[in-house]
Asks: 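Questions regarding the structure given below will be posed in turn.
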Amino acid sequence: MDQIGPPTWGLSSIQESFSFLNNLFDALRDYYKIGEAAEIENMSGDNNLKVLNALDVAKTQWYHFTAIIVAGMGFFTDAYDLFCISLVTKMLGRIYYHVDGSPKPGSLPPNVAAAVNGVALVGTLAGQLFFGWLGDKLGRKKVYGVTLMLMCVCSIASGLSFGHEPKTVMATLCFFRFWLGFGIGGDYPLSATIMSEYANKKTRGAFIAAVFAMQGFGILAGGIFGMILSSAFEAKFKAPAYEVDPIGSTAPQADYVWRIILMAGALPAMMTFYSRSKMPETARYTALVAKNAKQAAADMSKVLNMDIEAEQQKVEQIEKKKGSYGLFSKEFLKRHGWHLLGTSLTWLLLDIAFYSQNLFQKDIFTAIGWIPPAKTMNAIQEVFTIARAQTLIALCSTVPGYWFTVALIDVIGRFAIQLIGFFFMTVFMFALAFPYDHWIKPDNRIGFVVMYSLTFFFANFGPNATTFVVPAEIFPARLRSTCHGISAAAGKLGAIIGAFGFLYLAQNKDPKKADAGYPAGIGVKNALIVLGALNLLGLLFTFLVPESKGKSLEEMSGENEDINEETSGN
């Protein structure tokens, strides 16, 4: 390499200056390559597989960003599909459950509303358990494309729900949204596991969190698309407000609006299907689960653009180890029982509050008067108003919260972010709930919305991101996808409790003021107090979850110890 030194500055030295910069860049490149190789060599002293060491110390490269985009677009689709239903439930009530002479527009009966809002969550729970288990049995890559295809087909089918009779439309809508949720459920453990197994240990948290952060953009896209579509239909098909003309307020073309909104969720998933099919299997699955070190080394040599030694003999030694325990073994309970309990309970408690807020924010905004009474709008205007509220919340609090986590998770750690998030969610929920009568006064409603937005911010700069990240890091490779699926399924159980329970809890205490078909509830104020208490419990259960910042996956799962014990004994 040429000697590096400062150039002689003068009019004739421009070319020399460029030469100096080129040499400097070459030197830096060589330094990083040497440093990376040295770090891999040093880490090899702990008897871990070199292909895994190479991944742990790899500099951030284009394949990292490719993996984030490919996995992240799945989560973009997940969020769009799950939350876009909240944009159209009011319209479904107007179209299919109109009551002649009623002072209010038609609304979904309680059992139908619960089914429409909750059936996708039930499917998601089932998909998380099934595909989480299957990802450990068949491999991450083999199952990854199946989940995406299921999401594409069922998104389109949801919008094509058959017939025009309420029972037929709702039955087919619920059927296809269940299977849509089933595909979405598989995306959780597989995306998290793939990203964690591809990432290096220094920025692994940020990479996994970035995949999950695409949820925020999915929610935002749903709101924006809902606004654009409803504006276009409103401009083309003018209709009076419900209080002026109850029948005419729901234009016949409104039936297309909700269908198009649901079907649009297939587009981002389709765009990444080919890329998913071309991703190689993760080295950790190939080496530690499939026991094929040669294939793992070959795959990662291409990805990392470097030669990696295949250590098949070491893998075969590990395979013979008697300590290879299963999910229902005493050894797993001893090593990871408290961890799985912690990841599951914190996710469950978080999702009760988070999904209650997201799915029913339109009801809260209506209760405080931020969304005008339904009778003052036509069906399409109501979609626009709800979509605008969702967009503002996503833009001002949801999306920033996710990316604060991405920026800081490898700086202050998962544990600290989760504690901070649960703490401030508790504070703001109680700050909304106890002086609730103050917040609902017309002059204070904007303050309520700001406080409500802050609970979203600290959910996303907090446990909504970390509960997704940590289960992908702390369990052994052969059980990683399964344990993440169990943790995520516990979260979706919480989401179901929130989706079904909050419908009833938030109803007015006065039966006459409750929504049509609903019994009296405890009111929005007391419902917010309940959610605040659940956030406080989430903070306490966070202490069961270990910190994984800066540690390799094998170090967190204890697989390093297994490898060392086996190789030192031979």
Side-chain angles (χ1 to χ4, degrees), residues 68-89 91-92 116-124 126-128 130-131 141 143-163 169-188 190-191 194 211-230 232-233 253-279 358-359 383 387 390-391 394 492:
I68 290 172
I69 293 169
V70 172
M73 286 308 292
F75 268 88
F76 180 99
T77 305
D78 295 348
Y80 181 97
D81 287 335
L82 283 178
F83 295 113
C84 70
I85 194 68
S86 65
L87 301 177
V88 302
T89 49
M91 174 174 277
L92 290 172
V116 168
N117 282 306
V119 70
L121 301 177
V122 175
T124 302
Q128 286 164 337
F130 177 72
F131 286 114
K141 179 187 174 180
V143 186
Y144 208 28
V146 176
T147 62
L148 200 67
M149 183 55 68
L150 195 56
M151 289 156 56
C152 291
V153 172
C154 293
S155 290
I156 295 171
S158 296
L160 296 176
S161 295
F162 311 128
V169 173
M170 295 304 148
T172 53
L173 176 62
C174 289
F175 175 80
F176 288 121
R177 281 192 64 79
F178 172 85
W179 291 107
L180 172 65
F182 194 69
I184 289 172
D187 220 42
Y188 275 73
L190 294 171
S191 289
I194 285 171
V211 170
F212 194 65
M214 294 300 288
Q215 265 200 349
F217 289 126
I219 296 170
L220 182 62
I224 292 173
F225 184 70
M227 291 171 63
I228 293 171
L229 188 68
S230 57
F233 270 77
Q253 294 80 8
D255 195 52
Y256 293 113
V257 173
W258 71 268
R259 294 177 185 274
I260 294 171
I261 288 174
L262 296 186
M263 291 168 69
L267 293 176
M270 289 178 181
M271 292 167 60
T272 56
F273 183 78
Y274 178 78
S275 298
R276 281 199 181 192
S277 67
K278 292 299 180 183
M279 289 181 71
N358 256 306
L359 287 169
V383 171
Q390 177 173 306
T391 301
K492 280 301 165 285

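In this text, all values refer to a predicted model and were calculated from it rather than measured experimentally. Residue numbers run from 1 in the order of the sequence given.
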Asks: Is there a donor-acceptor pair under 3.5 Å between the side chain of Ser230 and the backbone N or O of Val383?
Replies: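 Flag not set: sc Ser230 to bb Val383 has no pair under 3.5 Å.
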Asks: Are Val257 and Leu229 close enough that some pair of their side-chain heavy atoms sits under 4.5 Å apart?
Replies: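 Yes. Closest side-chain heavy atoms under 4.5 Å.
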Asks: Is there a side-chain contact between Thr391 and Leu220 in this structure, where contact means two heavy atoms from C-beta onward sitting under 4.5 Å apart?
Replies: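 Side-chain contact under 4.5 Å: yes.
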Asks: Would you find a donor on one side and an acceptor on the other, under 3.5 Å apart, between the side chain of Gln215 and the backbone of Asp78?
Replies: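 No; zero donor-acceptor contacts below 3.5 Å.
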Asks: Could you give the distance from OG (Ser158) to CZ (Phe175), rounded to the nearest 0.5 Å?
Replies: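 The distance works out to 10.5 Å.
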Asks: Does either side chain, that of Tyr144 or that of Ser277, offer a donor lying less than 3.5 Å from an acceptor on the other one?
Replies: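 No, no side-chain donor-acceptor pair sits under 3.5 Å.
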Asks: Would you name the heavy atoms of Leu87 and Gly222 that are closest together and state the gap between them?
Replies: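 Smallest interatomic distance, heavy atoms only, reads CD1-O, 3.3 Å.
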Asks: Hey, are the side chains of Arg276 and Ser191 touching, using non-hydrogen atoms and a 4.5 Å cut-off?
Replies: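 In short, these two side chains touch, coming nearer than 4.5 Å.
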Asks: State which residues pass side-chain contact (heavy atoms from CB on, under 4.5 Å) with Val122; sequence neighbours excluded, sorted by chain then number.
Replies: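 Applying side-chain contact (heavy atoms from CB on, under 4.5 Å) to Val122 gives Phe178, Ile496.
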Asks: Nearest 0.5 Å please: distance from the CE atom of Met214 over to the CD1 atom of Ile69.
Replies: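 Atom-to-atom, Met214:CE and Ile69:CD1 are 8.0 Å apart.
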Asks: CG of Leu190 to OG1 of Thr147: how many Å apart, nearest 0.5 Å?
Replies: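 With rounding to 0.5 Å, CG (Leu190) is 6.0 Å from OG1 (Thr147).
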Asks: Could you walk me through whether Trp179 and Phe176 pass ring pair (Phe, Tyr, Trp, His ring centres under 6.0 Å), step by step?
Replies: CA-CA 5 Å; Trp179 291 107; Phe176 288 121; 9.8 Å; no
Asks: Apply the test ring pair (Phe, Tyr, Trp, His ring centres under 6.0 Å) to residues Phe131 and Tyr188: give CA-CA distance (whole Å), side-chain angles for both, the deciding distance (0.1 Å), then the verdict.
Replies: CA-CA 9 Å; Phe131 286 114; Tyr188 275 73; over 10 Å; no
Asks: Quick check for you: to the nearest 0.5 Å, what is the distance between Leu173 atom CG and Ser161 atom OG?
Replies: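 Reported to 0.5 Å precision, the distance equals 4.5 Å.
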Asks: Do you know which two heavy atoms are closest between Asp187 and Ala71, and how far apart they sit?
Replies: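 Shortest heavy-atom contact: OD2-O, 4.4 Å.
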Asks: Between Arg177 and Asn117, is there a donor-acceptor pair closer than 3.5 Å when you use the side chain of the first and the backbone of the second?
Replies: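 Side chain of Arg177 to backbone of Asn117, a donor-acceptor pair under 3.5 Å: no, none is there.
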Asks: Which pair of heavy atoms, one from Phe182 and one from Leu150, lies closest together, and at what distance?
Replies: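 The answer is CD2-CD2, 3.7 Å.
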Asks: For Leu82 and Ala120, which heavy atoms make the closest approach, and how far apart are they?
Replies: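 Scanning both residues, the minimum pair turns out to be CD2-CB, 4.0 Å.
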Asks: For residues 260-272, dump all side-chain donor-acceptor pairs below 3.5 Å to protein atoms at least two apart in sequence or in another chain.
Replies:
unit_1: Thr272; atom_1: OG1; unit_2: Ala269; atom_2: O; d: 3.3

Asks: Would you say that Phe217 contacts Tyr80 through its side chain, given a criterion of any heavy-atom pair below 4.5 Å between the two side chains?
Replies: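 No - every pair of side-chain heavy atoms lies 4.5 Å or more apart.
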Asks: Nearest 0.5 angstrom please: Thr124 OG1 to Leu180 CG, how far?
Replies: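 Thr124 atom OG1 to Leu180 atom CG measures 7.5 Å (nearest 0.5 Å).
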Asks: Calculate, to the nearest 0.5 Å, the distance between atoms SG and CG belonging to Cys154 and Leu160 respectively.
Replies: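 The SG atom of Cys154 sits 11.5 Å away from the CG atom of Leu160.
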